[in-house]
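Scroll down for the structure; my scribbles are underneath it.
A note on names: the letters A, B, ... follow the listed sequences, proteins ahead of strands, and every chain is numbered from 1. Computation of the quantities below employed the complete heavy-atom set of this structure, encompassing side-chain atoms and omitting hydrogens, waters and symmetry-equivalent molecules.
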Protein chains: 2
Amino acid sequence: MTKAAPVDKRRLILDAAVRVFAREGFHKCRVSDIADEAGVAYGLVYHYFKSKDQVLDTLFLERWEVLLEAIRHTDATDLPAEQKLHQIAGFIIDSYRHDPDLMKVIIVEVTRAANSFGAVHIGKIGEAYALIRGVVEKAQERGEFRAEIPAEFAVMSFYGAIEQVLTGWIFGLLDESEAEYEDAKVHIVQTICGGLAA
Amino acid sequence: MTKAAPVDKRRLILDAAVRVFAREGFHKCRVSDIADEAGVAYGLVYHYFKSKDQVLDTLFLERWEVLLEAIRHTDATDLPAEQKLHQIAGFIIDSYRHDPDLMKVIIVEVTRAANSFGAVHIGKIGEAYALIRGVVEKAQERGEFRAEIPAEFAVMSFYGAIEQVLTGWIFGLLDESEAEYEDAKVHIVQTICGGLAA
DNA sequence: CACCGGATTGACTGGTTAGTCAACCGAAGG
DNA sequence: CCTTCGGTTGACTAACCAGTCAATCCGGTG
């Protein structure tokens with residue numbers, strides 16, 4: 001075991017990539033930008049990653065797996081559905097609070113661009129939907145949620161609301177502050193569960 | 001007035017671009033793909049447009065202006081807020097039904113990628129939000145909608161839900177059919193206005 | 001100390017493509 | 001019939017950049 005490098009260059013590269021992708025966008029930035037930002041030689045990027053795409057891939061999958069785990073964990077509790085949704089929204093919003101650049105990259109470059117990248121991503125995104133659908137369906141069976149609204153649409157509304165709020169922050173269309181983050185969690189869930197109608 | 005060309009090549013190019021962007025993605029396709037698809041010489045694209053970007057720009061702005069007009073029109077009526085939202089959701093979904101490729105391009109390449117493109121787009125998108133916010137605020141004043149939920153969040157939830165459903169169709173995560181389109185309109189509005197809770 | 005192998009370097013290449021431009025075409029008008 | 005001029009053509013270029021690779025470094029091992 002000759003391991004335990006003082007600095008993990010691979011991690012350095014990934015972290016630099018987040019900053020560069022967030023700042024310049026995946027398509028506009030050059031691999032050399034990532035290397036420079038990481039303070040590392042150009043070639044080292046290709047020592048750790050097969051391609052520029054794979055750097056983005058890795059960032060996305062790494063984070064998405066954490067998200068899936070969080071949803072699974074919430075799903076396993078026996079909280080009321082509304083609180084489960086609050087936890088899920090909370091987790092995603094806190095992810096953004098903790099590392100806005102990473103979430104920006106995931107949303108802007110991956111979530112919608114699932115096009116360019118393989119079916120891996122669509123599959124992973126679909127997994128998240130499926131898990132949330134499970135939460136909704138269980139709530140419908142237990143009578144917590146009304147059954148007229150198909151769970152697929154409920155999920156899209158819920159997840160779409162969250163992503164749209166993040167997008168609003170990312171593009172400066174919505175104010176940002178600690179208070180706003182907390183408010184958002186509450187209001188998204190209030191809207192989706194309680195509805196806007198008086 | 002020596003006008004009235006038999007075929008409007010400019011239009012031909014725009015329509016071809018929609019197909020190519022939808023099929024291959026904006027970044028992956030080449031300008032020659034657009035020219036070929038349109039059955040037109042490469043150089044003609046640059047006769048009508050300053051750049052590849054401007055082709056996408058034009059497609060987006062053209063369609064978005066129509067959307068803004070539709071929202072303004074709905075806003076001007078004195079229907080109940082819930083019906084206004086139904087009309088707006090309906091307009092967007094019908095846009096997709098009528099020309100899925102165009103909506104795909106707008107959502108996948110512009111709405112989220114507002115990054116790469118100028119502030120023009122963010123501004124235009126913000127205009128749509130502002131108009132919908134007007135609808136919500138008026139409803140809150142009239143007591144149709146409850147006032148606890150800030151209108152900004154309500155708008156994000158509503159618009160986010162719509163866009164997410166379209167995204168689901170685009171990426172094949174949601175079934176598509178005439179019936180689904182109509183259902184979606186109803187269920188999105190039901191969710192946002194009435195809430196999921198029983 | 002000599003050797004090994006993985007980490008690290010950065011110059012170079014091969015392929016790609018957005019955008020340019022000089023020439024060509026054909027209808028309208030004189 | 002000739003001229004004009006916008007529309008149209010497509011070969012060409014200048015730049016760009018992802019990915020390769022041969023060389024170097026360095027810590028560990030026997």
Side-chain angles (χ1 to χ4, degrees), chain A residues 1-60 105 109-110 113 115-118 120-121, chain B residues 1-60 105 109-110 113 115-118 120-121:
Chain A
M1 300 303 91
T2 60
K3 225 38 279 250
V7 271
D8 182 352
K9 299 287 180 81
R10 190 186 121 99
R11 189 78 252 157
L12 228 50
I13 291 167
L14 284 171
D15 291 346
V18 168
R19 272 171 271 136
V20 173
F21 289 162
R23 194 189 322 130
E24 325 216 30
F26 178 77
H27 290 287
K28 290 220 290 212
C29 82
R30 290 160 291 165
V31 173
S32 64
D33 292 335
I34 301 174
D36 291 352
E37 176 86 23
V40 133
Y42 185 92
L44 199 61
V45 174
Y46 287 91
H47 178 69
Y48 288 111
F49 304 95
K50 212 175 91 275
S51 67
K52 187 185 176 188
D53 281 20
Q54 205 192 59
V55 176
L56 179 54
D57 259 32
T58 304
L59 288 172
F60 168 74
V105 169
E109 309 290 351
V110 183
N115 242 1
S116 332
F117 295 97
V120 198
H121 295 159
Chain B
M1 302 306 92
T2 60
K3 228 21 305 228
V7 270
D8 182 352
K9 299 286 179 83
R10 190 185 122 101
R11 190 76 252 159
L12 229 49
I13 291 168
L14 284 171
D15 291 345
V18 168
R19 273 172 270 135
V20 173
F21 290 162
R23 194 190 321 130
E24 324 217 29
F26 178 76
H27 290 286
K28 291 220 291 210
C29 83
R30 290 160 291 165
V31 173
S32 63
D33 293 334
I34 302 175
D36 291 352
E37 175 86 23
V40 133
Y42 186 92
L44 199 62
V45 175
Y46 287 91
H47 178 71
Y48 287 112
F49 303 95
K50 211 175 91 275
S51 67
K52 187 185 175 189
D53 281 20
Q54 206 191 60
V55 176
L56 179 54
D57 259 33
T58 305
L59 287 172
F60 168 74
V105 169
E109 310 290 351
V110 183
N115 241 3
S116 333
F117 294 97
V120 199
H121 294 160

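- Annotation: the span from B/Ile13 atom CD1 to B/Tyr46 atom OH amounts to 11.0 Å, rounded to 0.5 Å.
- Note on A/Lys9: a side-chain N or O is less than 4.0 Å away from OP1 or OP2 of C/dT8.
- C/dA18 atom P lies 14 Å from atom NZ of B/Lys28, rounded to whole Å.
- Taking only side-chain atoms of A/Ala41, from C-beta outward, the nucleotide of C/dT17, D/dG19, C/dG10 with the closest atom is C/dG10.
- When rounded to the nearest whole Å, the span between CG of A/Asp36 and P of C/dT9 equals 11 Å.
- In this structure, B/Ile13 atom CD1 and D/dG7 atom P are separated by 12 Å, rounded to whole Å.
- Closest approach to the B/Leu44 side chain among D/dT8, C/dT17, D/dG19 is made by D/dT8 (side chain taken as heavy atoms from C-beta onward).
- Side chain of A/Tyr46, nearest nucleotide from C/dG19, C/dT8, D/dG19: D/dG19.
- Rounding to the nearest 0.5 Å gives a distance of 11.0 Å between CG of B/Asp15 and CZ of B/Arg10.
- Each of C/dA7, C/dG19, D/dT8 was ranked by its minimum atom distance to the side chain of B/Tyr48; first place goes to D/dT8.
- B/Phe49 comes within contact range of no nucleotide atom at all, as no heavy-atom separation falls under 4.0 Å.
- Look at A/His47 and you'll find a side-chain N or O under 4.0 angstrom from OP1 or OP2 of C/dA7.
- With rounding to whole Å, A/Ile34 atom CD1 is found 10 Å from D/dG19 atom P.
- Backbone-only engagement by A/Val40 is indicated by non-hydrogen atom pairs under 4.0 Å involving sugar-phosphate atoms exclusively.
- In this structure, the side chain of A/Lys52 engages the main chain of A/Phe26 through a donor-acceptor pair within 3.5 Å.
- Going from atom CD of A/Gln54 over to atom P of D/dG19 covers 10 Å, rounded to whole Å.
- Between A/His121 and A/Phe60, the ring planes are perpendicular. Angles over 60° get that label, and only those under 30° would be called parallel.
- The distance from atom OH of A/Tyr42 to atom C1' of C/dA7 is 18 Å, rounded to the nearest whole Å.
- Between the CG atom of A/Asp8 and the P atom of C/dA7 there is a distance of 11 Å, rounded to whole Å.
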